[in-house]
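The chains referred to below are lettered A, B, ... by the order of the sequence lines, with proteins before strands, and numbering in each begins at 1. Hydrogens, waters and symmetry mates play no part in the numbers below; they use all other heavy atoms, side chains included.
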There are 2 protein chains.
Amino acid sequence: MSGNNPGEQRRALTLRDVSEASGVSEMTVSRVLRNRGDVSEGTRDRVLEAAKRLGYVPNKIAGALASQRVNLVAVIIPSLSNLVFPEVLSGISAELEETGLQPVFGVTNYSAEREELVLYEMLSWRPSGVIIAGLEHTAAARAMLENAGIPIVEIMDVDGPVVDSVVGISHKRAGLEMARAIVKAGYSRIAFLGTKMPDDHRARKRLEGFEAGLAEAGIELVDREFYSGGSALMKGREMTEAVLSRSPEVDFLYYSNDMIGAGGLLYCLDKGIDVPGRIGLAGFNGVELLEGLPRRLATMDACRREIGRRAAAIISGHSEAGLIGGERVELTPVLQPGDTIRPA
Amino acid sequence: MSGNNPGEQRRALTLRDVSEASGVSEMTVSRVLRNRGDVSEGTRDRVLEAAKRLGYVPNKIAGALASQRVNLVAVIIPSLSNLVFPEVLSGISAELEETGLQPVFGVTNYSAEREELVLYEMLSWRPSGVIIAGLEHTAAARAMLENAGIPIVEIMDVDGPVVDSVVGISHKRAGLEMARAIVKAGYSRIAFLGTKMPDDHRARKRLEGFEAGLAEAGIELVDREFYSGGSALMKGREMTEAVLSRSPEVDFLYYSNDMIGAGGLLYCLDKGIDVPGRIGLAGFNGVELLEGLPRRLATMDACRREIGRRAAAIISGHSEAGLIGGERVELTPVLQPGDTIRPA
DNA sequence: CTGAAAGCGCTAACAA
DNA sequence: TTGTTAGCGCTTTCAG
């Protein structure tokens, strides 16, 4: 408020400043500011008044170093532009809201190398826990996770070996069940349309499960088409056109996510193709965003918010209890048949 | 790798451990690990080998306290579920990638109170800079920003008084120009459909600008409709239906964002309404996600990624130069007429 | 090129 | 209820 000579480098306020301004020892000031221990009403008021008047903001760096406790939870995800992850994050945020823990986000762009880097960076802040998407990590990243000495929760996927705790769904199973539902509905000449990302293991596992499901009925994929980058809705259109002109006999299109599926749906409607009569369609994720399309695309809910919540709950539970122990939460995605699979 | 008695609380490794394992002083180990100062090839190798073998992860808390430097940039945004912000974040991430600075995100849920809290929390980590959405803050938040002694960049909006630097667009102007374009195209019975959020000041400013633009031509809004929550596409449909049945004379619908606009577009197409002949439509944001709809919705690009980039660049520039000085970057959103405004 | 000493701002532990 | 003393693990500074 006063004495702000511009140009003069202002030193940030310290506990000592508040201590001097209030005539109370640093230690007691610290107690007041953290609501710790017994402090008399009078002292408390004097301290709070002084802190507020000066505009004191505590230095968590120093606090964390002294107390060896950091209220940060590292959250590592592949991407922010894929709709799915912001939803997971908001589940995490919501769950952590009242726990005193703060999520810190890092993004890997679907690169295992970058994941390793981001993880290293985050661990060096000594967070109280780590939530990380997927089960596939570099050897070094895995080692860091194992040695961090804090609760680790791998999320989204449960198909594979785990470091500590895990919260997710089985993408293999999701693909498998979708395949069964499609076969049961009488489709048999089926194509897959998906993303081509080297490190998108979950999409890969869904496809594997899907093929396994088809194999049960002696069916093989008729065609497949991959893309990367660009607007998903548009890509969905383009890929659908490509597949339908290349393999006109196809009667079902399974998309690796709802956005490209929606593009495909719009394309089919444009072309006057009978959906789900002539061609059935299904996506994956259960993106709420898409409610409101001319038809509801068949999909499977990936339980994104719930995954975020449960993962955060594990971290906050363990950080309270002070223990580290692998929990396993497998959520079950439910088929939402929508309007694009014909009734069995 | 060895000696991991489970159950035994493992103390995290310190510089001293690396020092002892390599037979080099802590100070020199520190130099090697930070690539600072001259260290002989031999010592360097010994240190790196030891650090790697032990799996040492530096403690940034201690480092930051000692050096009084923190490579964190606090980024405060209203929401993650609104498409727009993840894009800003990815602009920030991209720009910061090579600077050694790390973004840390906080979410306010469009609440000024919560913003104040999040800001306090983040400032207590003594970040190198703050990027914060919007110009409207509580008095206390404003005071914190002013006294933080670090570069502050307010983003998204330039219509109003600023704390330090600002990067954004004028939403008033965006609304104004949209109004002019619509009037010029010959529409005159115009309705507004938007979100009802107390602290969404940018949507409010767009509406104000829009009304001002209409007023230039002596036109007043025929109708308005607000919503909150739910799937935007669906809400767009519902609101559109409501307005059209209440005010059948309307010939243009201006939506406060592209998602509800897209819902409206789909509704009109469903009903066989001639767009843009009978009714014109426009949204706001320039959401790439929507490319691939049956028609391209008229919109205005909000320059989200660019805003993120520029804001991050200001922070990293100032943190290098060590100075704090208000920069002002006003980007100009461009009208994308798409297929839903009839040619003037 | 390398090392020793002195903190960074706070809190744990103990003393009064 | 309040204060004192020692660090937390690193880096700055200065001395070899």
Visitor: Without decimals, in angstroms, what is the distance between A:Leu33 CG and D:dT2 C1'?
Guide: 16 Å
Visitor: Return the nearest nucleotide to the side chain of A:Thr43; candidates are C:dA13, C:dC10, D:dT1.
Guide: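 Given the options C:dA13, C:dC10, D:dT1, the side chain of A:Thr43 is closest to D:dT1.
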Visitor: Does a sphere of radius 6.0 Å around CZ in A:Arg34 hold more than 12 heavy atoms from other residues, nucleotides or ligands, not counting ones at 6.0 Å or beyond?
Guide: yes
Visitor: For the side chain of B:Glu95 and the backbone of B:Ala311, is there at least one donor-acceptor N/O pair under 3.5 Å apart?
Guide: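 No, because the side chain of B:Glu95 does not come within donor-acceptor range (under 3.5 Å) of the backbone of B:Ala311.
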Visitor: Tell me the interatomic distance from A:Met27, atom CE, to C:dA13, atom C1', rounded to whole angstroms.
Guide: 9 Å
Visitor: Ignoring hydrogens and geometry, is there a side-chain-to-backbone donor-acceptor pair from B:Ser19 to B:Val24 under 3.5 Å?
Guide: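 It does hold such a pair.
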Visitor: Heavy-atom contacts under 4.0 Å between residues 13-20 of chain A and DNA chain C, which residues?
Guide: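 Those residues whose heavy atoms fall under 4.0 Å from DNA chain C, taken from residues 13-20 of chain A in numerical order, are A:Thr14, A:Leu15.
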Visitor: Quick check on B:Glu113: does its CD atom have over 12 non-hydrogen neighbours (other residues, nucleotides or ligands) under 6.0 Å away?
Guide: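 No, CD of B:Glu113 has 12 or fewer neighbouring heavy atoms, counting only those of other groups under 6.0 Å.
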Visitor: Ignoring hydrogens and geometry beyond distance, is the side chain of A:Arg31 in donor-acceptor contact with the base of D:dG3 at under 3.5 Å?
Guide: yes
Visitor: If I take atom CZ in residue A:Arg36 and atom C1' in nucleotide C:dA13, what distance separates them, rounded to the nearest angstrom?
Guide: 14 Å
Visitor: Short of 4.0 Å, heavy atom to strand atom, which residues of residues 55-72 of chain B count as contacting DNA chain D?
Guide: B:Tyr56, B:Asn59, B:Ala62, B:Gly63, B:Ala66, B:Ser67, B:Arg69
Visitor: Measure from CZ on B:Arg126 to C1' on C:dG9 and round the result to the nearest Å.
Guide: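 To the nearest whole Å, that distance equals 9 Å.
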Visitor: Please answer whether the main-chain N or O of A:Leu89 pairs with a side-chain N or O of A:Ser93 as donor and acceptor at a distance below 3.5 Å.
Guide: yes
Visitor: Please confirm whether the backbone N or O of B:Glu327 pairs with a side-chain atom of B:Ser165, one donor and one acceptor, at under 3.5 Å?
Guide: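 Flag set: sc B:Ser165 to bb B:Glu327 pair under 3.5 Å.
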Visitor: Provide the closest heavy-atom pair for B:Met156 versus B:Ala133 in the form atom of the first, atom of the second, distance.
Guide: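 B:Met156 and B:Ala133 have their closest heavy atoms at CG-CB, 4.1 Å.
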Visitor: Is B:Asn82 reaching over with its side chain to a backbone N or O of B:Val84, donor-acceptor style, under 3.5 angstrom?
Guide: yes
Visitor: To the nearest 10°, give me the bend of the helix from C:dC1-D:dG16 to C:dA16-D:dT1, comparing the axes of its five terminal pairs at either end.
Guide: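 Between the first-five-pair axis and the last-five-pair axis there is 30°.
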Visitor: Between the side chains of B:Ser90 and B:Arg305, does any donor sit under 3.5 Å from an acceptor?
Guide: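 The answer is yes; a qualifying pair exists.
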Visitor: Tell me what A:Arg34 touches on the nucleic acid: a base, only sugar-phosphate, or nothing, going by heavy atoms under 4.0 Å.
Guide: sugar-phosphate
Visitor: Looking at A:Ser25, I'd like to know whether one of its side-chain N or O atoms comes within less than 4.0 Å of OP1 or OP2 on D:dT4.
Guide: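 For D:dT4, OP1/OP2 do not have a side-chain N/O of A:Ser25 under 4.0 Å.
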Visitor: How close do A:Ser316 and A:Thr99 get, counting heavy atoms only, and between which atoms?
Guide: CB-CG2, 3.9 Å
Visitor: Counting just side-chain N and O atoms, does B:Thr28 come under 4.0 Å of either OP1 or OP2 of C:dT2?
Guide: no
Visitor: Less than 4.0 angstrom between a side-chain N/O of B:Ser30 and OP1 or OP2 of D:dT11, yes or no?
Guide: yes
Visitor: Quick check on side-chain contact (heavy atoms from CB on, under 4.5 Å): which of A:Ile92, A:Val104, A:Ile131 does A:Val73 satisfy it with?
Guide: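 The single option meeting the side-chain contact (heavy atoms from CB on, under 4.5 Å) with A:Val73 is A:Ile131.
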